[in-house]
Novice: 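Structure in structure tokens, see below.
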Amino acid sequence: GAGVSQTPSNKVTEKGKYVELRCDPISGHTALYWYRQSLGQGPEFLIYFQGTGAADDSGLPNDRFFAVRPEGSVSTLKIQRTERGDSAVYLCASSLTGGMLDTEAFFGQGTRLTVV
Amino acid sequence: AQSVTQPDIHITVSEGASLELRCNYSYGATPYLFWYVQSPGQGLQLLLKYFSGDTLVQGIKGFEAEFKRSQSSFNLRKPSVHWSDAAEYFCAGGSGGYQKVTFGTGTKLQVIP
């Protein structure tokens with residue numbers, strides 16, 4: 001596709017369940033980011049991949065959150081034992097090389113996660 | 001802490017009027033500064049970026065921003081607003097060595113006829 005694709009666009013889950021959110025970056029982009037945007041807030045950094053490895057995971061709030069990018073393209077954000085406070089829009093972005101300070105990052109439209 | 005602050009939550013301007021959205025930053029070294037726009041149903045889009053050099057930065061869609069070190073500000077401007085500019089605008093910043101940006105809380109722009 002031409003842009004960053006995130007699936008599903010909406011996800012409703014029950015408290016305590018496990019969820020996976022998928023991000024398909026722009027083809028050839030080596031850098032991939034996950035951000036979380038709560039209602040009325042700006043996006044909050046979660047994790048940054050360069051290729052297959054997590055270059056910076058300092059934004060993951062706790063060990064219930066985990067992300068992978070096994071082949072350096074698609075990434076999955078995994079949330080265990082979901083809590084109502086996890087409800088937010090999860091945004092993915094990719095950039096061609098380096099990171100988003102040096103090269104333009106392109107954002108997907110996000111996955112709206114609602115934990116009930 | 002390194003951060004950006006957007007003091008205005010919501011701004012309303014008339015179509016054709018000029019626009020200035022405020023952003024203040026708190027970074028020790030010269031920061032990377034950005035403005036992004038988020039329209040309903042659209043992903044965040046980069047409007048412009050500053051890192052050293054000319055303090056007046058031109059962006060897409062007729063926007064510009066000026067870096068003022070003395071005021072720790074990076075305000076976004078547009079001389080004449082169009083109805084299609086109605087959106088939420090985020091200022092963001094980052095510093096060397098960390099390839100991530102920190103976003104402000106956003107300013108929602110309403111454009112009235």
Side-chain angles (χ1 to χ4, degrees), chain A residues 1-7 9-10 23-26 29-51 53-60 67 88-112, chain B residues 1-10 21-27 29-53 57 59-61 74 76 87-108:
Chain A
V4 177
S5 176
Q6 292 188 245
T7 53
S9 55
N10 280 283
C23 173
D24 283 85
I26 294 172
H29 280 199
T30 61
L32 185 145
Y33 291 80
W34 284 99
Y35 276 78
R36 176 170 71 174
Q37 187 173 17
S38 301
L39 194 62
Q41 300 297 315
E44 174 191 21
F45 171 78
L46 295 178
I47 187 169
Y48 156 50
F49 286 91
Q50 189 57 253
D56 184 346
D57 65 358
S58 62
L60 295 177
V89 177
Y90 288 80
L91 300 171
C92 178
S94 69
S95 60
L96 184 57
T97 60
M100 65 194 306
L101 294 193
D102 300 316
T103 53
E104 182 175 356
F106 296 86
F107 282 80
Q109 295 193 30
T111 293
R112 182 176 300 277
Chain B
Q2 297 179 332
S3 65
V4 293
T5 303
Q6 294 179 251
D8 302 307
I9 296 172
H10 189 273
L21 301 182
R22 297 185 291 164
C23 174
N24 293 100
Y25 67 88
S26 173
Y27 285 87
T30 299
Y32 292 76
L33 293 167
F34 306 80
W35 277 97
Y36 284 83
V37 61
Q38 188 174 42
S39 301
Q42 303 294 315
L44 280 160
Q45 182 181 21
L46 179 66
L47 287 175
L48 48 80
K49 165 189 166 182
Y50 169 79
F51 178 66
S52 75
V57 181
I60 62 171
K61 304 186 180 187
F74 187 60
L76 182 71
E88 189 152 22
Y89 292 80
F90 291 93
C91 181
S95 60
Y98 298 93
Q99 285 289 343
K100 61 188 176 186
V101 297
T102 299
F103 286 85
T105 51
T107 298
K108 187 163 285 189

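Convention: sequence-line order gives letters A, B, ...; per-chain numbering from 1. Hydrogens, waters and symmetry mates are skipped; everything else that's a heavy atom, side chains included, is used.
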Novice: To the nearest 0.5 angstrom, please state how far the OG1 atom of Thr111(A) sits from the CD atom of Gln6(A).
Specialist: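 Thr111(A) OG1 to Gln6(A) CD: 5.0 Å, rounded to 0.5 Å.
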Novice: Chain B heavy atoms under 4.5 Å from Ser58(A): which part of the residue, side chain, backbone, both or neither?
Specialist: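 Looking at Ser58(A), just its side chain touches chain B.
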Novice: Between Phe106(A) and chain B, which part of the residue has a heavy atom less than 4.5 Å away: side chain, backbone, both or neither?
Specialist: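 Contact with chain B involves no heavy atom of Phe106(A) at all.
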Novice: What class does the angle between the rings of Tyr27(B) and Tyr25(B) fall in, given that below 30° is parallel, 30 to 60° is tilted and above 60° is perpendicular?
Specialist: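 Geometry flag for Tyr25(B) against Tyr27(B): tilted rings.
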Novice: Could you tell me which portion of Lys108(B) (side chain, backbone, both or neither) has an atom closer than 4.5 angstrom to a non-hydrogen atom of chain A?
Specialist: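 Neither part.
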Novice: By a 4.5 Å heavy-atom criterion (distance strictly below it), what part of Glu88(B) contacts chain A: side chain, backbone, both, or neither?
Specialist: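 No part of Glu88(B) comes within 4.5 Å of chain A.
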Novice: Take the angle between the ring planes of Phe45(A) and Tyr33(A) and call it parallel below 30°, perpendicular above 60°, tilted in between.
Specialist: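 Perpendicular: the ring planes of Phe45(A) and Tyr33(A) meet at over 60°.
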Novice: Which answer fits Phe34(B), side chain, backbone, both or neither, if we ask what part of it has an atom under 4.5 Å from a heavy atom of chain A?
Specialist: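 Looking at Phe34(B), just its side chain touches chain A.
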Novice: Residues two or more places apart in sequence or in another chain: which of them pass ring-ring contact (aromatic ring centres under 6.0 Å, His included) with Phe90(B)?
Specialist: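 Partners of Phe90(B) under the ring-ring contact (aromatic ring centres under 6.0 Å, His included) test: none.
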Novice: Does any heavy atom of chain B fall under 4.5 Å from the side chain of Gln37(A), the backbone, both, or neither of them?
Specialist: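 It is the side chain, since no backbone atom gets that close.
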Novice: What residues, two or more places apart in sequence or in another chain, satisfy salt bridge (Lys or Arg N to Asp or Glu O under 4.0 Å) together with Glu104(A)?
Specialist: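 Glu104(A) satisfies salt bridge (Lys or Arg N to Asp or Glu O under 4.0 Å) with no residue once adjacent residues are dropped.
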Novice: Report the option among Leu44(B), Thr105(B), Leu46(B) that has the most heavy-atom pairs separated by less than 4.5 Å from atoms of chain A.
Specialist: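 Looking at each of Leu44(B), Thr105(B), Leu46(B) in turn, Leu44(B) comes out on top.
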Novice: Roughly how far, to the nearest 0.5 Å, is CG of Leu76(B) from CG of Leu33(B)?
Specialist: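 Taking CG in Leu33(B) and CG in Leu76(B), the distance rounds to 12.0 Å.
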